[in-house]
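So the structure is just underneath, and the comments pick up after that.
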Amino acid sequence: MKNNACKMYSCILGAVLLNFSISVSYSQNSTADSVFMKRAEEIQDKIITFDTHNDSALKMNNQNSGSAMPRSQVSFGMMEEGGLDGAFFAIYVKQGNRGDDSTKIAERYANGQLGKFRQYVDGSPEASVVTSIREIIKNKKEGRISVVLALENGYPFGKDINEVEKFYRLGVRAVTLCHNSNNDICDSSLDTVAEHHGLSEFGCKVVKEMNRLGMIIDLSHASTETLFDVLNVSALPVIASHSGVYNIKNHPRNLKDHEIKAIAAKGGLIQVATGRFFLSEKPKEEVTVKDLADHIDYVKNLVGIEHVGLGTDFDGGGGVVGLENASKMKNLTVELLKRGYTYRELELFWGGNLLRLLKIHFK
Ligand SMILES: [Zn+2]
């Protein structure tokens, strides 16, 4: 029914070291492991490596204000240590009431946090906000971190299509359409009610406007109906910036095989999240980089290495034993090397696929 509505509106465009024995088992404690680590370092030095989702901007904003919040899992220094060249830093906006006043408050909040974070990055010699491939490559050469500004939840748009371009002008290049509840754009995977049965009429307009501007549409948190509506409406490939595989862990936030195949068929990317709830039923202290690699393997085997990457969700629930923060990224490369991943496969996984998608979007 919703699809019909969409068509009617001419939307057819198609850590903590929790357990000593486990952490020891994950440390580089043999000659073979140190050989893998050396290789991982060499590879990450050459290729461009990206994480497509963290919630660290707000944490960094608060820390810079002197708040006593727990330490962030991400800093530019930790990224450098982990051989991570860039990340999508999302401003997360909690879903609230959808009246005009509440939406305005959300818009002002997102605006303020974006400004604060942007100021912090602009004042940091080790990082810069990027909106072009040229800047990403230049940063890699000069050893600087690339920051892509993102918005997690399109709630601050309210029902005003002009807000999309306003956020674009603030530097935002990726938007997660919704969070854990429905909003005026679309239905969420974690809401109990199918309100729009996918995208709303306004949501169709948002997708088209994001296409026009070259903003990346992020389907993590979206319901299945939303996902297929977006794939129908969007002229450009999309990403799921931080999601796991439903067939391995039955979590409503994870992607079913037909969803993974549909995103890939449109040229999009499934960026596997590191939150343990998305990866495994096992207790916290037993979920490791190996579980994360199982999800990556699954997507690779289902739709090809050209459609899989990483979205850590650090500071938003992400992190497993062996990958507790951004300084530990090389442990994932080690695990993938052990599984036989080639240089070319690692190059695509870590950033090659994303650069292909950014080339289509960035002007
Ligand atoms: Zn999220």
Side-chain angles (χ1 to χ4, degrees), residues 50-62 69-70 72-74 87-96 106 109-110 113-114 117 147-157 167 172-183 185-192 203 206 210 215-224 226-227 230 238-246 248-256 259-260 263 268-280 287 291-292 295-296 299 308-320 323-326 354:
F50 248 91
D51 164 10
T52 56
H53 185 79
N54 70 45
D55 285 306
S56 307
L58 298 181
K59 215 151 194 179
M60 287 157 97
N61 278 352
N62 277 303
M69 278 175 87
S72 171
Q73 289 171 288
V74 178
F88 287 28
F89 285 77
I91 301 296
Y92 159 68
V93 185
K94 191 178 185 327
Q95 184 63 49
Y109 169 79
Q113 292 293 339
L114 262 171
F117 184 63
V147 171
V148 174
L149 297 177
L151 185 63
E152 184 169 26
N153 197 354
Y155 171 47
F157 297 161
F167 277 93
V172 171
R173 290 296 180 270
V175 180
T176 315
L177 295 181
C178 61
H179 195 246
N180 290 342
S181 309
N182 302 336
N183 60 17
I185 298 171
C186 63
D187 290 345
S188 161
S189 61
L190 283 174
D191 208 310
T192 49
V206 168
M210 287 179 70
M215 292 169 97
I216 296 155
I217 296 165
D218 175 12
L219 290 177
S220 285
H221 290 281
S223 73
T224 299
T226 299
L227 185 146
V230 171
V238 301
I239 68 170
S241 74
H242 58 301
S243 294
V245 173
Y246 186 85
I248 300 179
K249 172 71 195 283
N250 294 175
H251 189 295
R253 270 274 286 106
N254 281 347
L255 297 168
K256 300 189 174 81
E259 296 176 304
I260 294 171
I263 291 172
L269 309 180
I270 293 87
Q271 305 286 104
V272 178
T274 74
R276 68 185 175 92
F277 295 108
F278 302 139
L279 298 177
S280 170
V287 185
D291 296 283
L292 173 61
H295 284 248
I296 294 165
V299 178
V308 62
L310 185 76
T312 62
D313 207 7
F314 281 150
D315 293 315
V320 291
L323 199 83
E324 293 87 353
N325 59 53
L354 182 68

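Counting starts at 1 for both ligands and their atoms, in listed order.
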Checklist entry - Quick one: are the ring centres of Y92 and H179 less than 6.0 Å apart? => result yes
Item to check | Counterpart residues, side-chain contact (heavy atoms from CB on, under 4.5 Å), relative to Y246 (two or more places apart) | outcome: N250, N254, K256
Item to check | Q73-N54 side chain donor-acceptor pair, cut-off 3.5 Å | outcome: no
Checklist entry - Is the side chain of H251 donor-acceptor paired with the backbone N or O of F278 at a distance under 3.5 Å, no angle test? => result no
Checklist outcome for this item: The residue among D191, N180, T176 that forms side-chain hydrogen bond (donor to acceptor under 3.5 Å, both in side chains) with H221 is N180
Item to check | Atoms (protein N, O or S; no water) under 2.8 Å from the Zn ion (ligand 1) | outcome: 3
Item to check | Separation of L149 CG from I91 CD1 (nearest 0.5 Å) | outcome: 7.5 Å
